[in-house]
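As a basis for the values below, the full set of heavy atoms in this structure was taken, side chains included, without hydrogen atoms, waters or symmetry mates. The chains referred to below are lettered A, B, ... by the order of the sequence lines, with proteins before strands, and numbering in each begins at 1.
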Amino acid sequence: MTQTKPSTPVVRWLTTLDHRDIGVLYVVFGAIAGLWGATDAMAVRTELLSPGLAVWDAATYNAFFTTHGLTMLFFFATPVAFGLANYVVPLLVGADDMAFPRVNAVAFWLLPPALLLARAGIVGQLLGIPHLAPPTTGWTFYPPLSTQQAGHGVDLVLLGLHLSGVSTIASSVNVVVTIAIARDESVSWASLDMFSWTMLTTAGLVIFAFPVLGSAMLMLLSDRLVGTTFFAVEGGGPMLWQHLFWFFGHPEVYILVLPAMGIVSHVLPRFAGRRLFGFRSVVYSTLAIGALAFGVWAHHMFATGMDPRLRISFMAVTLAIAVPSAVKTFNWIATLWHGAIRLTVPMLFCVAAVGNFVLGGVTGVFLASIPVDLVLHDTYYVVGHFHFLLVGTIVFGLFAGGYYWFPLLTGRWFDRGLARAHFYLSAFGIPVTFLPFLLVGMAGLPRRVAAYPPEFALLHYVATFGAYVLGVGQLLFVWNALSSAVRGEPVETTDPWELDRTGQRTPEWASGAETE
Amino acid sequence: MSVKSAVDDIRTSLRDAASGLFDGGNARTGTPVAFAAAVAGVEGLVYVVGRFVPELLRSVGAGPVVVGLYGTVGIALALLFRSQGRPSVVDDSTRSLALVAAGLGFWSVVPLVGSQPPVPAWAFVFVGLGLVAFRYALPAMFGDAVGITTTGRRGDDSNVGRTAGTFAAVLATTAVMTAAAIRPSVQILSLLAAVVGVAAVALTASDGFDAADSSDGTQDTHDALNAQNEQASPPIPLSLVPLQTATGRRRAVLVGDLLRRFALALVVVFVVVTVVSFHAPSVAAFGSTLPPNAVFGILLCLELAGEVVGRRLAPRVTRTVGRRRLAVLSVALTALFPVLLVTAPAKLPVLAMLFFGFGFRRVGTDARRSLVDAAVGARSETAPDEYRAARDLVVVPAPVVGGMLFWYSPVLAFSLATAVGGLALREYVRLLFGGAPTWMEAGE
Ligand code: HEM
Ligand SMILES: [Cu+2]
C-alpha cells in the first residue's frame, strides 16, 4: 500500500514494502528452510535405523541434529509465524500496513544471508573447503564443546544466528507498534482479536529474550576468536552460558508456540460455529505465559548441580506455567462442545494440534518435577516431549493457518484431497515417531548418540517409520502448495469459508484475495 | 549414438512426466498426480529392492537353495495371481496397496530379526514376498487421470511414468548403497517404499467431506481409481495343453520361448549375488571407493538404460532387419549373458557393457512376443495368455534348480543357463530358414 509503481515481478518482489508481499516472502522462505531442516531430520532418522554407525560417522550425525534444530527453530518456525502475522495482523487490526514498512523489508532480507551463514558449514563440507564444517555442538552450543570445536563453521553459525536475531527483533518491534499504535480507532483493546493478542505477546517475548541470546553469542564468539574467558572455567564458567542461553531458550519455546496457539484460537471457533469459549481467560493466560516464561529457564539445568533452593523455585514456577496452558486447552475443548463442527482441513490440523499439545504438555509437567527430571534429563524422553510440542502443536498450528489463509494469500484453493492426505499422514506420523522417543527415553537411552544398544532397535525402527511417513506427507504439502498457487481453482468470494453464515467473518477477508 | 539416444530418452521421459504433472488443467488433478507418482515410486522401489533381495538373503545366512526358492516362489505367486484373478480380500486397490506396503515393511524388519534362532530372518523375506505379490492384484492401469501402468497384468509394458519411477528408484538405491552396507541399505529402501505405499493409500482415502467442497460436485478420486478394476482380465486356466498341441515351426517358437524363459529363471536371482559377493568389484570415484553393492546399483542403471534404448530403437530395427532376426538377436543376448557374467573380469567397464547389453535385449521383446502370439494362433482371445501361463508353470522350479547348481558351483549354474539359452536360440534360428510361414504373416 506504500507505493504502487508498475515494475517487473523480480524488482517488485525484491523491493516490495507491502506487508502482504513481505508476509508471502517470509512464508516461502520459511518453507524452503523447513524442507532443508527436514532433510537433516531424515538423515538423523536414517542413521538411527541401525544400532551401529551404518550410514554416517558420528561427527556427521552430530552435525545433522545440530543443523536440524537450528534450521527448524530459527529459519522455519519463526519466519513462517511472523510471515502469517505480517500478512494478517495489519488487516485484523485495521492498520494500513505494518508500522514501519522499511524496517519490515530489512528484517526479512536479513534472513537469507543469515540462513546461508548458518548453513555454510554443510556447503563448505560438500565443496571440500578447509576449516569449514558444520557445527556438531547441538543447538544449545554448550561450552566447552562449542569453544573447542575447530574451524570456522561454528563462528559462521553464531554470526548467522545473530543476524537472524536482529531480524526477529526488528519485526517484533514492528508487530508491537502496529498493534499498539497503528491500529484503527475502531479496534479497542477489548475488541482486539485473539491472533493479534498472541502475536503481541510473542513479540514482547522476542524483545526481551533475543537480545540476551545475541549478547551471549557475541561473548561466545569472542571466547572462540579473541581468547576472552566469559565461559571458560577460569573465567565466567560454562554455567554462565547455560543461564544466558536458557534465559533466552525457554521464552523461545513460547515465542514459537504462542503464534500457533493464536492460530488455533482464531481458526478453531470458525469451524465450530461458536465464539471462542472464555475469550478473556485466553487473553489473560496468554499474558501469564508471557510473564512466567522468563521465570522457568533453570528447569533445563536441574541436573547441573545448582543450588537446590533455587531449583525448587524454578520447579514451582514451571509447574505454575502449566496452568495457563491448561486453561487454553480447556477453552479450546469447551469451544468444540455443542459446536456445529465442520471438519475442514484447517480444522483437522487445529484439533490434532490440541491433542498433541496435551501429550507434549503433560510430559513437560513430568519433566518439571526435579526428581523425575534427574532421571529423564538428556534422554530421548525430553526429545519426545518437545517434538510433540514443536511438531505436533506448533507445526500443526502453522499448517492450520497456512491452509486457512491459503485462499487469502494466493487467491486460489488448495487441492483438498492432497491436503487431507497430508493431514492423515502427518497426524499418523506424529505419535508413531514420537511415542517411541518417550519409551526409549524412559528406558534410559541418552539423546544425541549416533549408535545405541541393539535392544532399542525396534523402537527406533518404529520412530523412523513414522518419520518417513511425516517426511513423505510434507512432500504432498509442497506439491499441493506449489501446484495450487499456480493453477488452483480461483477463489471468487471474500468469504471462502462461508463464515458469514455464523457471523464469524473477520476483517482480513474483507478486501478479498490479492488477485485483483 | 545409442548412448545419446538413451540420454534423449531419459530426457523425453522426464519432460513427459513433468508436463504430465503440470498439464493437469485444474487443481482437481492434484491428488491423482500425486497418487500416480506414489504408485510409480512403489513400483520402482519394489523392482530395485527385489533385485537386491537375494543378496540380502545371503547376508542373513540363507543358502543358495533358499535364494533359489525366493525366485521360485516369486514366479509361482505371479502365476497364481494371474490364473486365479484378484482374490476377494482385495476388492479395491487401496487394500492391495496396503498389503504391498505391509510386505515391504516385512522386508525392512529383516535386519532387526538378526539371527535369533526360532525363526530364521529369511522367513520374513518370504512373508514379505507373499504380501508384495499383491501388486499383481492392482489394476493394470489406473484411470485416465492417473495414467500409469502397474506390474498388474503386463510385466514389462513400457510406460513413461513407470520408467521415470524406476530410474528414480534405481538412482536413489545406488545413492543409499554408496553410503551403507547391503542390510541397512535394503532396510532403508524397503521402509521408504513401504512409506510411499502408505502415502498412496492415504491419497486414495483422502476425498470426501470438506465443507468447502459442497459447492462444487467434486469427483471422488477413489471412485476414479477403482473404476478400472472392473476391467480386470478373466482368470486363466492352468494347464500344459497349450504347450502340447503345436507342431512344426510353431512348436519351435513355443519351445524356444519356454527354454529362454527357463534359462533366465535358472540364474536371474543369482545375478546380484554373483556381482556383489563373487566378483565384488569396487570402484574408486570422487576420492572414495564405491562398494560392490553400489556398483551393482550402477549396473542396474545401465541395464535399465539399455532397456530404454532397446525399446526405443525397436520399431526402426524391426523395419530394417525384420521380426524374426530381431527375435533371434534378443534371445542370443539373453543366452550369452549368464556365462559372460560369471566368467567376466570384475572390472566396471566390462560389467557395464554386459548389463547394458542384457537390458538391450528388450529391443526384440515385442518381436518375440508377436511371434509367440502368432505361433499360438488365434484359437481364442486368451490363447496366448494360456500358453504363457503353461510356460511359466514349467519354469516355476527353475530358480530352485539353479540354486542347487549354484551351491555346487556358480560357474556351472551360469554356464548351464547359457546352455539352455543356446537350445532356445537353436529353436529360434530354425525360423530363419525357409520363407515365412502363413501363420506368421501378420505384421511382417
Ligand atoms: C509450550 C510449548 C513447549 C515447547 C515448544 C517446549 C520445548 C522444549 C524444548 C525444545 C526442550 C528441550 C531443550 C533442549 O534441551 O534441547 C524442552 C525441555 C523441557 N521442557 Fe518444554 N516445551 C514446551 C512446554 C513445556 C511445558 C508446558 C513444560 C512444563 C510445565 C515444559 C517443561 C520442560 C522441561 C522441564 C524441560 C527440560 C527437560 C530436560 O532437559 O531435562 N515444557 N521443552
Ligand atoms: Cu523450558
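- Residue A:L49 holds its CG atom at 7.5 Å from CG of B:L112, rounded to the nearest 0.5 Å.
- For chain A, the nearby parts of B:S108 are the backbone and the side chain; heavy atoms of each come within less than 4.5 Å.
- Residue A:L458 touches chain B through both its backbone and its side chain, counting heavy-atom pairs closer than 4.5 Å.
- B:T31 contributes a side-chain N or O that, together with a main-chain N or O of A:L418, makes up a donor-acceptor pair within less than 3.5 Å.
- Contacts with chain A were tallied for B:A38, B:G105, B:A179; B:A179 has the most, counting heavy-atom pairs under 4.5 Å.
- Of the two parts of A:V472, only the side chain, counted from C-beta on, holds a non-hydrogen atom closer than 4.5 Å to a non-hydrogen atom of chain B.
- For the pair B:I188/A:Y468, a side-chain contact is recorded, criterion being any heavy-atom separation below 4.5 Å from C-beta on.
- Taken to the nearest 0.5 Å, the NE2 atom of A:H422 stands 11.5 Å off from the CG atom of B:L203.
- By the neighbour-count criterion of 12 heavy atoms within 6.0 Å, atom CZ of B:F106 is sparsely surrounded, having that number or fewer from other residues, nucleotides or ligands.
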May I have the list of side-chain donor-acceptor pairs in residues 122-131 of chain B shorter than 3.5 Å, sequence neighbours left out?
none

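- Of all non-hydrogen atoms in B:A202 and A:Y424, the two that sit nearest each other are O-CD1, 4.2 Å.
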